[in-house]
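See structure below.
These numbers were taken from a predicted model, which means no experiment stands behind them. What's counted below: heavy atoms across the whole structure, side chains too, no hydrogens, waters or symmetry copies. So that the names make sense, note that chain A is the first sequence line, chain B the second, and so on, each numbered from 1.
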Amino acid sequence: MILSLDFFKRPTLEICPELLGKFLIRKIGKKEISGFVTEAEAYVGMDDKACHAARGKTKRNAVMFEPGGIWYVYLCYGMYWMLNIVTEEKDFPAAILIRGIKTVEKHFNGPGKLTTSFQINKGLNGKSATPQSGLWFEDRGVSLSSKDIKQGKRIGINYAGSWQHKPWRFFISN
DNA sequence: TATTTGATTCTT
DNA sequence: AGAATCAAATAT
């Protein structure tokens with residue numbers, strides 16, 4: 001079952017743990033790659049100093065202000081694409097960074113590595129998370145017990161002051 | 001117009 | 001500990 005766009009128009013911290021165990025499907029031409037989400041981080045609102053939208057709307061983060069269900073893709077450190085799914089309603093800037101994916105062959109840990117293997121780039125920025133765009137989420141009935149879901153501090157945002165300590169990174173244990 | 005800086009990862 | 005490498009944000 002393909003996740004509807006409405007799935008993402010809800011509180012980000014509610015969606016983030018639910019995304020674990022959901023499948024990410026990437027279609028490239030005739031090929032299809034899929035794997036389930038093992039790790040994700042929430043970036044919520046203008047008050048969150050770690051969130052790109054914290055300093056107002058800019059060219060880069062404009063899609064975060066759009067309604068939930070679209071991709072926010074951008075280049076970091078000049079070499080790695082970050083894949084985020086925008087959440088919540090229009091004019092509320094929030095998104096979830098996908099940090100880890102487990103496919104049948106391989107476990108990609110690290111946002112840069114998974115975007116490289118899924119061939120994700122700027123072309124998807126602002127596109128909806130539907131099969132038409134070639135990248136979307138599916139619920140394939142994998143249910144995780146709450147003991148498998150762990151929380152921790154977000155990574156790589158030491159500039160964000162006290163916000164770096166928020167336990168908004170969700171991941172699957174083992 | 002110039003400089004700084006990352007939601008990273010791999011090499012030394 | 002440092003490099004790779006660049007667009008956008010910030011400083012000048």
Side-chain angles (χ1 to χ4, degrees), chain A residues 7-22 24 26 33 35-88 91-103 105-129 133 135-137 149-173:
Chain A
F7 180 87
F8 300 100
K9 293 171 187 173
R10 295 186 296 134
T12 311
L13 292 174
E14 197 174 292
I15 301 168
C16 202
E18 288 181 25
L19 224 44
L20 301 180
K22 296 287 189 291
L24 183 70
R26 171 66 165 141
I33 310 174
F36 65 85
V37 181
T38 58
E39 199 177 338
E41 280 179 13
Y43 289 86
V44 187
M46 313 251 296
D47 293 332
D48 180 2
K49 294 288 181 299
C51 179
H52 282 168
R55 284 179 198 161
K57 193 173 182 176
T58 65
K59 205 172 187 178
R60 179 173 65 167
N61 66 31
V63 298
M64 290 180 86
F65 290 78
E66 295 298 311
I70 62 176
W71 300 111
Y72 170 40
V73 182
Y74 85 98
L75 187 66
C76 191
Y77 296 105
M79 19 176 33
Y80 294 105
W81 295 101
M82 300 290 123
L83 175 66
N84 304 250
I85 183 71
V86 176
T87 56
E88 316 239 4
D91 293 329
F92 187 97
I96 294 171
L97 169 69
I98 309 301
R99 295 190 57 91
I101 293 285
K102 176 91 163 64
T103 66
E105 308 95 35
K106 224 173 169 178
H107 188 190
F108 299 104
N109 50 335
K113 286 155 87 175
L114 84 87
T115 50
T116 301
S117 57
F118 274 60
Q119 297 180 34
I120 287 160
N121 54 45
K122 190 127 197 160
L124 282 158
N125 195 38
K127 294 269 171 58
S128 294
S133 70
L135 185 68
W136 70 97
F137 283 110
I149 296 178
K150 307 241 166 160
Q151 279 186 59
K153 284 187 278 190
R154 290 177 292 181
I155 289 173
I157 52 164
N158 296 338
Y159 59 86
S162 63
W163 289 90
Q164 74 182 281
H165 303 303
K166 294 277 178 194
W168 288 356
R169 179 167 73 102
F170 297 84
F171 55 100
I172 299 174
S173 65

By side-chain hydrogen bond (donor to acceptor under 3.5 Å, both in side chains) - contacts of A/Thr12 (at least two apart): A/Thr87, A/Glu88
Per-nucleotide pairing state of DNA chain C [Watson-Crick or G-U, under 3.5 Å; [ ] pseudoknot-crossing; | other strand]: ||||.||||||.
Pairs involving residues 36-59 of chain A, ordered by first then second residue, that meet salt bridge (Lys or Arg N to Asp or Glu O under 4.0 Å) (sequence neighbours left out): A/Glu39-A/Arg99, A/Glu39-A/Arg169, A/Glu41-A/Arg99, A/Asp48-A/Arg154
Distance, P atom - from C/dT5 to B/dA2, rounded to whole angstrom: 23 Å
Outermost DNA chain C nucleotides near chain A [under 4.0 Å, heavy atoms]: C/dA4 to C/dT10
Under 3.5 Å donor-acceptor, A/Ser133 side chain and A/Ala129 backbone: no
Residue pairs fulfilling side chain to side chain donor-acceptor pair (under 3.5 Å) with at least one residue in residues 155-167 of chain A, sequence neighbours excluded: none
Exam field: side chain A/Asn61 to backbone A/Thr58, donor-acceptor pair closer than 3.5 Å: yes
Quiz: residues 67-79 of chain A side-chain donor-acceptor pairs under 3.5 angstrom, not counting sequence neighbours:
from: A/Trp71; atom 1: NE1; to: A/Leu135; atom 2: O; distance (Å): 3.1
from: A/Tyr72; atom 1: OH; to: A/His52; atom 2: ND1; distance (Å): 2.8
from: A/Tyr74; atom 1: OH; to: A/His52; atom 2: NE2; distance (Å): 3.4

A/Leu124 vs A/Trp81 side-chain heavy atoms within contact, under 4.5 Å: no
For A/Tyr80, all residues meeting side-chain hydrogen bond (donor to acceptor under 3.5 Å, both in side chains), sequence neighbours excluded: none
Contact state string [nucleotides 1-12 of chain B, B base, S sugar-phosphate only, - no protein heavy atom under 4.0 Å]: -----BBBSS--
Interface residues of residues 118-128 of chain A with DNA chain B (non-hydrogen, below 4.0 angstrom): none
Distance in Å, A/Glu18 CD paired with A/Ile96 CD1, rounded so as to fall on 0.5 Å steps: 9.5 Å
Contact list for residues 105-117 of chain A, test salt bridge (Lys or Arg N to Asp or Glu O under 4.0 Å), sequence neighbours left out: none
Partners passing side-chain hydrogen bond (donor to acceptor under 3.5 Å, both in side chains) against A/Trp136 (at least two apart in sequence or in another chain): A/Glu138
side-chain hydrogen bond (donor to acceptor under 3.5 Å, both in side chains) partners of A/Thr38, counting only residues at least two apart: A/His107
